[in-house]
Amino acid sequence: MTDEPRPLPRRTPRSRPHRILVLALDGVSAMDLGVPVQVFGRESNAATDRTRAEAAPRTQPDPSTAAATAVPGRRPTAVPAGAWPYEVEVCGITAGKVAGSDGLDYSANRGLEALETADTIILPGATSAVADEPPAAVIGALLSAFERGARIAAISTGTFVLARTGLLVRRRATTHWSTAKELARRFPSIKVDENVLFIDEGQLLTSAGAASAIDLCLHLIRSDHGVGLSNQVARRLVAAAYRSAGQAQYVPRSVPDPLGDDFADTREWALQHIGEKITLRDLAANAGVSVRTFSRRFVEDTGYTPMQWVLRARVDVARELLENSDLGIEQIADQVGLGTGANLRMHFQRILSTSPNDYRHSFQG
């Protein structure tokens, strides 16, 4: 089994925003709670909306049609420029105060009844998720939501709450590396993988802690609305547009060796020159380090070798062009540095398990 999403029934276009409910339990992590609000929040993405409206191409897909990613069966909805496709709300078990971790408290306007209309439910990590048994009402609400087709995503120790529903039996799941062994001990029927950032099992998703919550949320946007929108949100967050789901959570080092701004600048340089020939030596020279050092540290940060990352970046830019332009396959291949349409088709099939033409046709309806 891979980290790729399982097929889901095709979603039809919606006339209302996709409703995301973030369920805050006692001891909720400030970061795990804040990430989905920042990623999916309408106010947080006001600048993204304006950028999309200003950059909308003349060939913008008809917003009444459904759009598809390269994942079979999962069809994101085409979103008209300037229309933010999500609304996000934080709820508690009951309305009122929720005691968070690190001395922070939160106020929830609604309780579990809010989950009844959620399209996606996100379970942030919380100290109570590991230490306590969640109330039966929480388990019941999650099971009811799952039965009616809602998507449930758990961040960090939120996976413990999802595990108690029984929905993860015989499925792969992850959590923060520090609690992975405890998750496996308590729930031996779950295939716990502590060495990945997130796992997509279709209607159920789990992620590691801290920054991997951003990776999970961007993955959901890519699945729902394509790579173009997810990349715009990533730029607003000043986050990597994509990191390998299978990247190791924790890479022990004898001496701290952070990636640093130079490497971020190098990735940006590569994107600006994506239509040109780029070699490993070019990347290392731009970063000002040896090829060996650059290669090692790049893998630690992204989960890809430098040249794997460049190839995926080329395919990613090609996806945006397929989504938002009427350029031909050969033109796109040339613009993203893959040379020929044959090369573009080969890498599309290997990385995304589809063809450029099928991707474009399904996305544009």
Side-chain angles (χ1 to χ4, degrees), residues 8 11 14 16-44 85-169 171 173 175-176 179 183 186-187 190 198 201-207 209 213 216-217 220 224:
L8 284 177
R11 296 176 182 173
R14 58 178 70 241
R16 61 172 178 81
H18 183 107
R19 285 183 51 75
I20 294 180
L21 268 294
V22 185
L23 177 58
L25 301 177
D26 284 345
V28 64
S29 160
M31 185 167 186
D32 292 355
L33 178 66
V35 164
V37 174
Q38 281 290 308
V39 173
F40 296 110
R42 184 186 300 275
E43 293 182 5
S44 301
Y86 297 101
E87 60 181 26
V88 61
E89 180 181 358
V90 176
C91 68
I93 296 177
T94 60
K97 177 181 172 181
V98 178
S101 61
D102 301 316
L104 297 174
D105 293 336
Y106 307 92
S107 178
N109 292 329
R110 303 176 67 193
L112 291 175
E113 72 279 359
L115 302 186
E116 295 173 4
T117 58
D119 299 302
T120 294
I121 297 170
I122 296 181
L123 304 173
T127 55
S128 64
V130 180
D132 305 321
E133 188 77 21
V138 170
I139 301 302
L142 293 175
L143 289 173
S144 295
F146 180 82
E147 285 300 316
R148 64 174 174 76
R151 181 171 57 187
I152 305 176
I155 297 171
S156 186
T157 55
T159 301
F160 281 77
V161 178
L162 186 55
R164 288 187 174 96
T165 66
L167 295 173
L168 291 177
V169 170
R171 297 179 187 265
T175 185
H176 192 278
T179 57
L183 181 68
R186 293 191 196 180
F187 305 97
I190 298 175
F198 65 86
E201 285 273 338
Q203 200 177 338
L204 301 171
L205 301 95
T206 54
S207 82
L216 174 64
C217 291
L220 292 176
D224 290 344

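Here the structure is a predicted model, which is why all the values come from computation and not from measurement. Starting from 1, each residue takes its place in the sequence as its number.
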Are any of the side-chain heavy atoms of Leu220 and Arg151 separated by less than 4.5 Å?
yes
Checking the side chain of Glu201 only, and the main-chain atoms of Arg171 only, is there a donor and an acceptor separated by less than 3.5 Å?
no
Between Lys97 and Asp105, is there a side-chain N and carboxylate O pair less than 4.0 Å apart?
yes
In short, Val130 meets Arg186 closest at the heavy-atom pair O-NH1, 2.8 Å
The single option from Asp26, Leu25, Ile93 that satisfies side chain to side chain contact (heavy atoms under 4.5 Å, CB included) with Val98 is Asp26
Nearest heavy-atom pair of Val138 and Leu112: which atoms, and what distance?
N-CD1, 3.8 Å
Kindly indicate, with the supporting measurements, whether the criterion side chain to side chain contact (heavy atoms under 4.5 Å, CB included) is fulfilled by Ile152 and Phe146.
CA-CA 7 Å; Ile152 305 176; Phe146 180 82; 4.1 Å; yes
Smallest heavy-atom separation, Ala145 atom then Ile121 atom, equals CB-CD1, 3.5 Å
Under 3.5 Å side-chain donor-acceptor pair for Thr157 and His176
no
Under 4.5 Å between any side-chain heavy atoms of Leu123 and Ile155, yes or no?
no
Heavy atoms, side chains only, cut-off 4.5 Å: are Cys217 and Val35 in contact?
yes
For residues 158-167, which side-chain donor-acceptor pairs fall under 3.5 Å, sequence neighbours excluded?
from, atom 1, to, atom 2, distance (Å)
Thr159, OG1, Ser156, O, 3.1
Thr159, OG1, Thr174, O, 2.8
Arg164, NE, Glu133, OE1, 3.3
Arg164, NH1, Ala129, O, 2.7
Thr165, OG1, Leu162, O, 2.5
Thr165, OG1, Leu167, N, 3.2

Tell me whether Asp119 contacts the main-chain N or O of Arg19 through its side chain, where contact means a donor paired with an acceptor under 3.5 Å.
yes
Check whether Gln38 reaches the backbone of Pro36 with its side chain - one donor and one acceptor, N or O, closer than 3.5 Å.
no
Heavy-atom side-chain proximity of Glu89 to Ile20 below 4.5 angstrom
no
May I ask you to decide if Gly125's main-chain N or O and Asp32's side chain share a donor-acceptor pair within less than 3.5 Å?
yes
Nearest non-hydrogen partners of Arg42 and Pro17, listed with the distance:
NH2-CG, 3.5 Å
Do Val22 and Cys91 make a side-chain contact, defined as non-hydrogen atoms from C-beta onward lying under 4.5 Å apart?
no
Quick check: closest heavy atoms across Phe40 and Ile122, and the distance to 0.1 Å?
CE1-CD1, 3.9 Å
In terms of heavy-atom contacts, Tyr106 and Gly100 come closest through CE1-CA, 3.8 Å
Can you name the side-chain hydrogen bond (donor to acceptor under 3.5 Å, both in side chains) partners of Thr94, sequence neighbours left out?
none
Distance (rounded to the nearest 0.5 Å) between Glu113 CD and Leu21 CG
9.5 Å
